[in-house]
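Data block below; observations after.
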Amino acid sequence: MQVVSFQDCKCEFMENLTLAIVVPCYNEVEVLSQTNERLRALLDGMERDKLVTAGSYILYVDDGSRDGTWTLIDGYCENYDHVRGLKLAGNAGHQNALMAGLETARADADLVVSVDADLQDDISVIPEMIMKYHQGNDIVYGVRRNRKSDSFFKRTTAQCFYRFMSAMGARTVNNHADFRLMSRRAVDALCAYDERNLFLRGLVPKLGYKSDVVYYDRLERKAGVSKYPLGKMMSFAVDGVTSFSVKPLRLIFYLGLVFLIISLAILAYVIASLCKGDGVQGWASLMLSIWFVGGCLLICLSIIAAYIGRIYTEGKHRPRYNIEKYVK
Ligand code: UDP
Ligand code: MG
């Protein structure tokens, strides 16, 4: 891996760019003051080193928090020049909150970095991301070197999910979540994707712009608890697969083929038994196959229903989020 210093990237041709750090927040009152201190210190350092302009800022997106998150954000906006707050009307979900931040920031930022509020993503690699932008990349993905800080359950489910996604033919960057840098034109291109079932980590690689990665060690959540309980994580995973692949629908056909072959084998067995003069017995095996085939059919129906449900939400074209206020 190529190691580059912070100073290396300050080449003469480098233009000074305005950076927006977009941070979606949902009930993050426990962690936000630490996050704000660290992000401000990082931004100050980058401004001093002329890596970004003095107009660069942190944009907190409050995703309808019910604790005191917005009060904190509002206070930061009042006390610090480089902090802005976007308050969404209600909880639109992490991906929509992120999108709200990106759509707002592209109005005056040249570069946008998205990062979670809990600082699990190591923000000290942001200067390296900017440097990779100057090397000609429109997108720079933050990729976790390992998942040691995740629980066994989270690590295993995440690995299964990434494997399943790639088996289904959906392209994602392995071990990358939503910590990434994007140029304004990449954000503009992303905003042109009008879908409601957002799965940004699958959508961004689709933009096709030149990209690179920076590696970092995923840290523990600094405070507070995960806002992604199992149910939300599962529906996010289903969103990911259904947004990028129709392979599950095709698999239903192959499953049907397998069942057809099994039924032909059973038919051959029945005919052979009758020819021999034996009666065909087997209440238990009959019940077993009825329940087995019934279960498989319901699963197949639910796969089809997952796609239909998404066609339904896409068809309504409802707005992804509503903005209550924007404080600069
Ligand atoms: N988040 C959000 N809206 C939601 C859920 C989460 O804006 O409905 C934010 C949350 O505040 C955090 C980020 O999304 O900044 C990622 O959530 P979290 O760290 O809880 O997820 P995990 O790291 O456990 O997957
Ligand atoms: Mg987290």
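Indexing begins at 1, ligand by ligand and atom by atom, following the structure's order. Heavy atoms only: backbone and side chains are in, while hydrogens, waters and symmetry mates are out. Model, not experiment: these values are computed from the prediction.
Each of Val22, Leu39, Val327, Ile21 was scored for a side chain to side chain contact (heavy atoms under 4.5 Å, CB included) with Tyr60, with one residue passing: Leu39.
Nearest protein heavy-atom neighbour of atom 21 (O) of ligand 1: Tyr228 CD1, 3.3 Å. The shortest contact between atom 16 (C) of ligand 1 and any protein heavy atom is with Asp116 OD2, 3.4 Å. Looking at atom 25 (O) of ligand 1, its nearest protein heavy atom turns out to be Lys154 NZ, 2.8 Å. For atom 1 (N) of ligand 1, the closest non-hydrogen atom on the protein side is Tyr26 CB, 3.7 Å. Looking at atom 18 (P) of ligand 1, its nearest protein heavy atom turns out to be Arg221 NH2, 3.6 Å.
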Going through the checks in order, is the side-chain contact (heavy atoms from CB on, under 4.5 Å) test met by Thr172 and Phe199?
CA-CA 10 Å; Thr172 50; Phe199 187 74; 4.1 Å; yes
So Glu195 and Arg320, salt bridge (charged side-chain N to carboxylate O under 4.0 Å, His left out) or not? Walk me through it.
CA-CA 9 Å; Glu195 55 212 79; Arg320 288 171 176 146; over 6 Å; no
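A centroid separation of less than 6.0 Å is found between the aromatic rings of Phe292 and Phe259. In this structure, the ring of Phe179 has its center no less than 6.0 angstrom from the ring center of Tyr141.
The distance from the Mg ion (ligand 2) to the nearest N/O/S atom of Asp116 is not under 2.8 Å. Residue side and main chain included, Gln120 places an N/O/S atom under 2.8 Å of the Mg ion (ligand 2).
When the heavy atoms of Glu28, Lys227, His94 are ranked by distance to atom 14 (O) of ligand 1, first place goes to His94. Proximity annotation for atom 3 (N) of ligand 1: of Leu119, Asn27, Asp63, Asp63 comes nearest, heavy atoms only.
In Ser226, the parts holding a heavy atom less than 4.0 Å from any atom of ligand 1 are both the side chain and the backbone. The proximity of Gln95 to ligand 1, defined as any non-hydrogen pair under 4.0 Å, does not occur for either the backbone or the side chain. No part of Met233 comes within 4.0 Å of ligand 1, judged by heavy-atom distances.
Under the 4.0 Å criterion applied to side-chain N and carboxylate O atoms, Arg310 and Asp239 are assigned as salt-bridge partners. Salt-bridge check for Lys132 with Asp212: passed, with a basic side-chain N closer than 4.0 Å to an acidic carboxylate O.
For ligand 1, one of its N or O atoms has an N or O atom of Pro24 under 3.5 Å away. Polar contact with ligand 1: present for Ala117 (N/O pair, distance under 3.5 Å).
Here the closest heavy-atom approach between residue Pro24 and residue Ala117 is recorded as O-CB, 3.6 Å. Heavy-atom minimum distance, Val173 versus Pro205: CG2-CG, 4.3 Å.
Close contacts between ligand 1 and Asp118 involve ligand atoms 19 (O), 23 (O) [criterion: under 4.0 Å to a heavy atom]. Ligand 1 places these atoms under 4.0 Å from at least one heavy atom of Gln120: 23 (O). Each of the following atoms of ligand 1 lies closer than 4.0 Å to a heavy atom of Arg218: 23 (O). Interface of Lys232 with ligand 1, defined as ligand atoms under 4.0 Å from a residue heavy atom, comprises 4 (C), 5 (C), 8 (O).
In this structure, Arg171 is not positioned above the aromatic face of Phe244 in the sense of NZ or CZ being under 6.0 Å from the six-membered ring centre and within 45° of the axis.
Residues Met46 and Pro127 have side chains in contact (heavy-atom distance under 4.5 Å, counting atoms from C-beta outward).
Classified by interplanar angle (parallel below 30°, tilted 30° to 60°, perpendicular above 60°), the ring pair Phe236/Tyr228 is tilted.
Shortest distance from the Mg ion (ligand 2) to Asp118 is reached at OD2 (N/O/S atoms only).
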